[in-house]
Amino acid sequence: MKWNLALEAEIVKKYAAVSPVLNERGRRLWAAAEARSIGYGGDALVSSATGLARETVRNGRREIERGVQASDRCPAPVADAQASTRPSR
């Protein structure tokens, strides 16, 4: 595949728009979906545009091929911010 700078720039714009709201799994699956839509050379192009490792993109592609399942996992609770600023007794 010939390197397409316009396509890479478009991926950079898309990734910048969605990455703030994605967790690790979401980033991996989004990158894999983009790479699949590109076809041959997509993993390398998406990796270059996003800064994600090629192996991360490949793992996402494999996960999609196996069938993506909704995750029931919730993020770990965050420590109480006020508790850390209260004086100790």
Side-chain angles (χ1 to χ4, degrees):
M1 177 184 126
K2 187 175 177 181
W3 207 258
N4 187 333
L5 293 177
L7 181 57
E8 184 175 5
E10 192 63 33
I11 293 168
V12 168
K13 285 187 347 187
K14 288 181 189 178
Y15 186 67
V18 298
S19 66
V21 297
L22 297 176
N23 60 15
E24 179 182 343
R25 182 173 188 241
R27 281 190 296 273
R28 182 174 64 246
L29 294 175
W30 179 88
E34 283 290 319
R36 284 179 56 153
S37 71
I38 294 168
Y40 181 79
D43 289 359
L45 187 62
V46 171
S47 174
S48 175
T50 62
L52 298 172
R54 274 192 215 172
E55 190 61 29
T56 299
V57 179
R58 280 190 210 116
N59 288 339
R61 207 168 11 87
R62 289 181 194 124
E63 189 173 344
I64 290 172
E65 289 165 2
R66 285 192 308 265
V68 176
Q69 301 296 318
S71 176
D72 292 336
R73 294 181 58 185
C74 296
V78 178
D80 183 8
Q82 288 183 342
S84 64
T85 59
R86 291 183 192 138
S88 58
R89 296 182 184 163

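Values below: all heavy atoms of this structure, side chains included; hydrogens, waters and symmetry mates excluded. For this chain, numbers begin at 1 and follow the sequence in order.
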*List in chain and number order the residues that pass side-chain hydrogen bond (donor to acceptor under 3.5 Å, both in side chains) with Glu24, two or more places apart in sequence or in another chain; answer none if no residue qualifies.*
none

*salt bridge (charged side-chain N to carboxylate O under 4.0 Å, His left out) partners for Glu8, two or more places apart*: none

*Can we say Glu65 and Arg62 salt-bridge, meaning some charged N sits less than 4.0 Å from an Asp/Glu carboxylate O?*
no

*Please identify each residue that fulfils side-chain hydrogen bond (donor to acceptor under 3.5 Å, both in side chains) with Arg27, with sequence neighbours left out.*
none

*asked:* Using the side chain to side chain contact (heavy atoms under 4.5 Å, CB included) criterion, which residues pair with Val18? Sequence neighbours excluded.
replied: Leu22, Trp30

*Can you name the nearest heavy-atom pair linking Ala33 to Ile64, along with the distance?*
N-CD1, 3.9 Å

*asked:* Run Glu10 and Asn4 through side chain to side chain contact (heavy atoms under 4.5 Å, CB included) and show every step you take.
replied: CA-CA 10 Å; Glu10 192 63 33; Asn4 187 333; over 6 Å; no

*Which residue, Asp43, Leu29, Thr56, forms the side chain to side chain contact (heavy atoms under 4.5 Å, CB included) with Arg61?*
Asp43

*Under the side-chain hydrogen bond (donor to acceptor under 3.5 Å, both in side chains) test, residues paired with Arg54 that sit two or more places apart*: none

*Might you point out which heavy atoms bring Ala35 and Val57 nearest each other, and give the distance in Å?*
CB-CG1, 3.7 Å

_So, using side-chain hydrogen bond (donor to acceptor under 3.5 Å, both in side chains) as the criterion, who are the partners of Arg66 when residues are at least two apart?_
none

*Measure from the side-chain N and O atoms of Ser37 to the backbone N and O of Glu34, and report whether any donor-acceptor pair falls under 3.5 Å.*
yes

*Sub-4.5 Å side-chain heavy-atom contact between Ile11 and Ile38*: yes

*asked:* Show the nearest heavy-atom pair for residues Gly60 and Ala32, with the distance to one decimal.
replied: C-CB, 3.3 Å

*Among the clusters formed by ILVMFWY side chains lying less than 4.5 Å apart, do Leu45 and Leu5 turn up in the same one?*
yes

_Nearest-0.5 Å distance that lies between atom CG in Asn23 and atom CZ in Arg28_ = 8.5 Å

*Please report the shortest heavy-atom distance between Ala49 and Val12, naming the atom on each side.*
O-CG2, 3.4 Å

